[in-house]
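The sequence lines fix the lettering, A, B, ..., with proteins before strands; numbering per chain opens at 1. It should be emphasised that the depicted structure is a prediction, and the values quoted were computed from it without experimental measurement. Keep in mind that the numbers below use all heavy atoms, side chains included, and drop hydrogens, waters and symmetry copies.
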Amino acid sequence: MIRDARVLHAQFVPDELEHRNAEINTLSNTLKPIMDGHSGNPSLLLGPSGAGKTCIARFTVERLRENVLDINTQYINCWQDYARFQVLYRLLETIGTTVDIHRRSTPTDELLDRLRQYDGPPFVVILDEVDQLEDNGVLYDLYQLPQITMILITNRERDLFTQLDDRLTSRLHPSVRISFEKYHLDELVSILAARARWGLVDDVIESAEFELIADAAAGDARIAIGILRHAARLAEQTDTQRITTDVVQQAIPEGRQDVRQKTIEQLTTHQRVLYDIVHEHGELDPSTLYAAYRDRVDEPKTNRTVRNYLAKMEHYRLIHAEGDNRARTYRPR
DNA sequence: CATCCACGGGAATCAGCGGTAG
DNA sequence: CTACCGCTGATTCCCGTGGATG
């Protein structure tokens with residue numbers, strides 16, 4: 001059934017893209033100065049999730065790399081690498097100067113110094129989910145490095161700009177903005193058809209099923225591809241020769257929940273207990289939460305550790321924290 | 001104003017892992 | 001092969017900060 005599983009993951013970047021030509025062109029144009037050895041302006045890709053921002057960014061940069069003899073590129077997902085140190089570290093990794101850097105002993109400023117000394121080819125940096133950065137200062141750091149061209153991706157522009165301080169806002173405001181809309185139904189169908197063509201055995205799914213998936217995905221290509229992947233797996237497991245409407249129906253909930261499900265699975269037992277408590281209570285204050293947690297586990301972690309867990313879970317958007325200091329409450333997402 | 005409660009940064013400590021000297 | 005060393009990530013301890021409360 002499945003011929004090439006890589007293709008069935010949303011982060012796979014195809015060799016050719018059927019839609020989003022306008023967006024690709026705009027992005028290419030802002031990157032053009034690089035071809036003449038200048039650094040490009042930062043660009044800002046905006047739009048709902050699953051609208052193709054990440055895919056287009058990677059695609060365009062890859063194509064640029066084919067056209068320019070020598071550039072460095074790095075993709076960073078700020079959801080995973082949200083600290084200033086982590087971002088700088090990744091960049092140094094690409095240019096290969098991390099050898100003697102030890103996470104413990106090397107101060108962040110030294111990483112920045114090393115980046116300043118960088119005098120290699122143009123360096124294009126994709127920062128995905130920028131609004132997740134805990135310290136926006138790193139944007140300022142990068143902005144000041146002449147060889148670096150930034151592509152910023154976010155689905156919530158407002159969140160991003162309220163976090164920025166003035167010097168950054170004024171720097172980034174003139175940057176090129178490219179807005180993405182949700183995919184139309186027929187666009188999703190053709191995206192799915194392409195993935196099926198590359199990733200699945202021939203003739204196992206028909207257009208009615210594509211449309212069903214596209215409809216359930218509501219414009220989000222990531223979800224659509226997730227559903228397709230689950231459906232293919234289900235069909236394989238149950239030894240069905242085709243991806244039928246039935247199979248698709250079963251795959252829809254999992255496909256939708258995919259991202260969240262994966263992060264929940266990554267939680268430790270202690271974190272999972274906290275998650276469950278919050279979701280059972282609906283809304284509660286820190287002390288009741290901690291008390292409930294103590295009751296439920298054998299060897300409870302300290303209050304401080306629990307706070308770390310909660311912070312992390314909020315970061316992954318599994319729970320929602322509201323209010324400062326004593327007004328703090330936690331509730332499910 | 002003193003006290004309470006929670007937050008989150010930083011230092012100290014612990015436990016697991018891999019490499020290495022003997 | 002084993003004992004030891006250094007590194008790392010997780011946890012805990014300690015503490016300053018700040019808004020709420022009485």
Side-chain angles (χ1 to χ4, degrees), chain A residues 74-115 127 129-142 156 159-160 162-168 260 262-333:
Chain A
Q74 174 69 34
Y75 170 85
I76 296 175
N77 189 324
C78 301
W79 205 312
Q80 279 136 31
D81 297 315
Y82 49 85
R84 185 167 168 237
F85 184 98
Q86 293 172 308
V87 171
L88 297 177
Y89 190 87
R90 284 244 175 274
L91 297 183
L92 285 170
E93 237 171 26
T94 325
I95 57 180
T97 45
T98 46
V99 224
D100 57 340
I101 292 179
H102 298 300
R103 284 172 176 272
R104 179 156 277 240
S105 51
T106 313
T108 306
D109 284 334
E110 197 185 321
L111 301 197
L112 188 58
D113 279 343
R114 301 221 186 172
L115 273 177
L127 291 172
E129 319 260 8
V130 257
D131 51 309
Q132 291 298 317
L133 281 177
E134 69 178 7
D135 176 9
N136 286 310
V138 71
L139 295 180
Y140 191 71
D141 297 339
L142 299 187
R156 292 170 306 171
D159 287 3
L160 177 64
T162 51
Q163 287 167 21
L164 297 183
D165 56 25
D166 294 341
R167 55 178 190 174
L168 262 175
R260 160 171 290 227
K262 223 178 272 165
T263 44
I264 291 178
E265 280 163 17
Q266 283 171 5
L267 297 179
T268 66
T269 20
H270 289 266
Q271 293 164 344
R272 184 58 199 262
V273 168
L274 288 165
Y275 175 86
D276 288 342
I277 294 172
V278 172
H279 279 75
E280 285 162 25
H281 276 68
E283 175 160 11
L284 71 175
D285 59 282
S287 47
T288 10
L289 173 56
Y290 187 61
Y293 161 78
R294 286 190 78 112
D295 281 348
R296 210 175 289 195
V297 297
D298 284 338
E299 291 169 21
K301 307 280 182 188
T302 50
N303 199 317
R304 182 68 186 85
T305 305
V306 166
R307 281 208 297 277
N308 279 342
Y309 290 164
L310 291 170
K312 182 174 249 176
M313 284 160 66
E314 199 210 352
H315 179 82
Y316 285 108
R317 290 191 228 184
L318 294 173
I319 60 171
H320 191 81
E322 211 164 6
D324 289 329
N325 301 321
R326 285 182 85 168
R328 182 54 80 94
T329 59
Y330 294 99
R331 60 184 169 76
R333 276 264 166 200

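Under 4.0 angstrom from either OP1 or OP2 of C/dA10 there lies no side-chain N or O belonging to A/Tyr309. At C/dT12, one or more side-chain N or O atoms of A/Thr305 fall inside 4.0 Å of OP1 or OP2 (strictly under the cut-off). Neither OP1 nor OP2 of B/dA6 sits under 4.0 Å from any side-chain N or O of A/Tyr330.
Nucleotide C/dA10 holds its C1' atom 16 Å from the CG atom of A/Leu267, rounded to whole Å. The interatomic distance linking A/His270 (NE2) with C/dT11 (P) rounds to 8 Å, in whole Å. If you measure from atom OH of A/Tyr293 to atom C1' of C/dT11, you get 11 Å, rounded to the nearest angstrom. Distance A/Arg326 CZ to C/dA20 P: 10 Å, rounded to the nearest Å. Here the C1' atom of nucleotide C/dT11 and the CD atom of A/Glu299 are 13 Å apart, to the nearest Å. Per the geometry, CG belonging to A/Asp324 stands 8 Å off P belonging to B/dG8, to the nearest Å. Rounded to whole Å, the distance from CG on A/Asn308 to P on C/dT12 is 10 Å. Nucleotide B/dA6 holds its P atom 8 Å from the CG atom of A/Asn303, rounded to whole Å.
The side chain of A/Ser287 sits closest to B/dA6 out of C/dT12, B/dA6, C/dG19.
Between the side chain of A/Arg328 and the base of B/dC7, no donor-acceptor pair under 3.5 Å is found. Side chain A/Arg307 to base B/dG9: no donor-acceptor pair is found below 3.5 Å.
Of all the heavy atoms in A/Tyr309 and A/Gln271, the pair that sits closest is CD2-NE2, 3.2 Å.
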Between A/Arg296 and A/Glu280, is a salt bridge (charged side-chain N to carboxylate O under 4.0 Å, His left out) present by the stated rule, with each step listed? CA-CA 13 Å; A/Arg296 210 175 289 195; A/Glu280 285 162 25; 3.1 Å; yes
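Under the rule for a salt bridge (charged side-chain N to carboxylate O under 4.0 Å, His left out), the partners of A/Arg331 that lie at least two apart in sequence or sit in another chain are A/Glu322.
Looking only at side-chain heavy atoms (C-beta outward), A/Leu142 and A/Leu91 come within less than 4.5 Å of each other. Side-chain atoms of A/Tyr290 and A/Arg307, non-hydrogen and from C-beta on, never get closer than 4.5 Å to each other.
Remark on DNA chain C: of its neighbouring residues A/Arg304 and A/Lys312, the 5'-side contact belongs to A/Lys312, judged by nearest-heavy-atom nucleotide.
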